[in-house]
J.: 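First the structure, then my questions, so here it is.
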Amino acid sequence: MTAQIKYADVEVGTELPAGSFPVTRATLVQYAGASGDFNPIHWNEKFAKEVGLPDVIAHGMFTMAEAIRVVTDWVGDPGAVVEYGVRFTKPVVVPNDDAGAVIEVTAKVAAKLEDNRVRVDLTAMSAGQKVLGMSRALVTLA
């Protein structure tokens, strides 16, 4: 695959299509099985509350992975993301109901760099709180 977005077609401030990613308890169990992270704060409400959390929370790496989907969907090639980092600021609390939680992600081109690369800054929110800080990706465009 190769990036489908051309470097010449973007400017600083270009907004990427936003993404909305639902998270349920079932999603967390599936992620735990795939990742091997069976920490009970991600599936056991009683335990999560005993350690001071408001409820079960989503895995940080899961939250990070959902957020970068906005960039990979936009550019058309996951391999175009050459660097990605975040700071975890708030947990995504996932209630035990049919709705669960939602991670809302927006992103925009923050800088045009050399070699057809851009820096994309992302904002990830859940329940009105910013859940990722300093969320940035370095992306190679066509």
Side-chain angles (χ1 to χ4, degrees), residues 1-7 9-10 12-142:
M1 297 178 79
T2 59
Q4 297 174 10
I5 303 295
K6 291 183 170 64
Y7 181 81
D9 292 342
V10 300
V12 170
T14 297
E15 294 185 12
L16 284 60
S20 181
F21 307 101
V23 186
T24 65
R25 295 280 179 96
T27 309
L28 300 182
V29 171
Q30 292 167 340
Y31 182 82
S35 69
D37 181 352
F38 294 101
N39 187 322
I41 65 173
H42 303 304
W43 58 270
N44 183 319
E45 184 174 331
K46 179 179 179 287
F47 182 84
K49 288 181 176 181
E50 284 174 355
V51 299
L53 295 168
D55 206 332
V56 165
I57 63 170
H59 303 74
M61 297 304 287
F62 172 81
T63 303
M64 188 177 174
E66 290 293 82
I68 197 65
R69 287 176 55 189
V70 166
V71 177
T72 59
D73 289 351
W74 171 69
V75 76
D77 178 10
V81 177
V82 295
E83 190 176 308
Y84 177 46
V86 306
R87 182 172 296 151
F88 300 105
T89 57
K90 298 277 185 190
V92 175
V93 179
V94 183
N96 190 19
D97 59 18
D98 292 335
V102 177
I103 302 168
E104 301 283 350
V105 182
T106 58
K108 67 179 177 179
V109 174
K112 290 184 80 168
L113 309 168
E114 297 177 358
D115 299 324
N116 284 9
R117 291 185 176 183
V118 296
R119 189 187 88 216
V120 176
D121 290 354
L122 298 92
T123 301
M125 306 283 292
S126 184
Q129 296 190 337
K130 191 173 183 180
V131 296
L132 299 176
M134 298 295 292
S135 184
R136 296 178 173 171
L138 185 62
V139 183
T140 302
L141 302 180

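Remember, it's a predicted structure, so these values are computed and weren't measured experimentally.
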J.: Under the ring-ring contact (aromatic ring centres under 6.0 Å, His included) definition, can you give me all pairs with a residue in residues 44-64, not counting sequence neighbours?
T.: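 Non-adjacent pairs meeting ring-ring contact (aromatic ring centres under 6.0 Å, His included): Tyr31-His59, Tyr31-Phe62, His42-His59.
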
J.: Any chance you could measure Ile5, atom CD1, to Thr14, atom OG1, to the nearest 0.5 Å?
T.: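 Separation between the atoms: 9.5 Å.
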
J.: Would you mind listing every side chain to side chain donor-acceptor pair (under 3.5 Å) that reaches into residues 109-118, with sequence neighbours excluded?
T.: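 Output for this query lists Arg117-Thr140.
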
J.: Using side-chain contact (heavy atoms from CB on, under 4.5 Å) as the criterion, list what pairs up with Arg136, not counting sequence neighbours.
T.: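 Counting only residues at least two positions away or on another chain, Arg136 forms a side-chain contact (heavy atoms from CB on, under 4.5 Å) with Arg119, Asp121, Met134.
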
J.: If you look only at pairs with a residue in residues 40-57, which of them pass as a salt bridge (Lys or Arg N to Asp or Glu O under 4.0 Å), with sequence neighbours excluded?
T.: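 Every salt bridge (Lys or Arg N to Asp or Glu O under 4.0 Å) pair that includes a residue of residues 40-57, provided the two are not neighbours, is Arg25-Glu45, Arg25-Asp55, Glu45-Lys49, Lys46-Glu50.
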
J.: Looking at residues at least two apart in the chain, or sitting in another chain, which of them share a salt bridge (charged side-chain N to carboxylate O under 4.0 Å, His left out) with Lys6?
T.: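 None.
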
J.: Just to verify, what does Asn39 make a side chain to side chain donor-acceptor pair (under 3.5 Å) with, not counting sequence neighbours?
T.: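 Checked Asn39 against side chain to side chain donor-acceptor pair (under 3.5 Å); zero matches.
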
J.: Report yes if some heavy atom in the side chain of Val56 is under 4.5 Å from a heavy atom in the side chain of Leu28; otherwise report no.
T.: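 Counting from C-beta outward, Val56 and Leu28 do come under 4.5 Å.
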
J.: For residues 88-98, which residue pairs pass the side chain to side chain donor-acceptor pair (under 3.5 Å) check, not counting sequence neighbours?
T.: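 Side chain to side chain donor-acceptor pair (under 3.5 Å) check on residues 88-98 returns no pairs.
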
J.: If the condition is side-chain contact (heavy atoms from CB on, under 4.5 Å), which residues does Ser126 pass it with, not counting sequence neighbours?
T.: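 Ser126 satisfies side-chain contact (heavy atoms from CB on, under 4.5 Å) with Val92, Ala101, Val131 only.
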
J.: What is the minimum heavy-atom distance between Thr106 and Ala18, and which atoms define it?
T.: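 The answer is CG2-CB, 4.0 Å.
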
J.: Write down the atom of Ala124, the atom of Ala67, and the distance for their closest heavy-atom approach.
T.: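 The pair with the smallest heavy-atom distance is CB-CB, 4.5 Å.
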
J.: Are the side chain of Tyr7 and the backbone N or O of Val118 linked by a donor-acceptor pair below 3.5 Å?
T.: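 Pair absent, no side-chain N/O of Tyr7 close to backbone of Val118.
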
J.: Do any pairs count as a salt bridge (Lys or Arg N to Asp or Glu O under 4.0 Å) and have a residue in residues 56-65, sequence neighbours left out, and if so which ones?
T.: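 For residues 56-65: none.
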
J.: Between Pro54 and Val93, which heavy-atom pair has the shortest distance, and what is it?
T.: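 Looks like CG-CG2, 3.6 Å.
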
J.: If the condition is salt bridge (charged side-chain N to carboxylate O under 4.0 Å, His left out), which residues does Glu104 pass it with, not counting sequence neighbours?
T.: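 Glu104 satisfies salt bridge (charged side-chain N to carboxylate O under 4.0 Å, His left out) with no other residue.
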
J.: Only distances under 3.5 Å count here; give the side-chain donor-acceptor pairs of residues 70-86 to other protein atoms, sequence neighbours excluded, each with its distance to 0.1 Å.
T.:
| from | atom 1 | to | atom 2 | distance (Å) |
| --- | --- | --- | --- | --- |
| Thr72 | OG1 | Arg69 | O | 3.3 |
| Asp77 | OD1 | Gly79 | N | 2.9 |
| Tyr84 | OH | Met64 | O | 2.8 |

J.: Rounded to the nearest 0.5 Å, how far does CE of Met125 lie from CD1 of Ile103?
T.: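 Here the rounded value is 12.5 Å.
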
J.: In chain order, what residues pass the side chain to side chain donor-acceptor pair (under 3.5 Å) check against Lys130, with sequence neighbours excluded?
T.: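 Partners of Lys130 under the side chain to side chain donor-acceptor pair (under 3.5 Å) test: none.
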
J.: Any idea which heavy atoms bring Val102 and Ser20 closest together, and the distance?
T.: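 Scanning both residues, the minimum pair turns out to be CG1-OG, 3.2 Å.
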
J.: Pair Leu132, Leu122 - check side chain to side chain contact (heavy atoms under 4.5 Å, CB included), show working.
T.: CA-CA 8 Å; Leu132 299 176; Leu122 298 92; over 6 Å; no

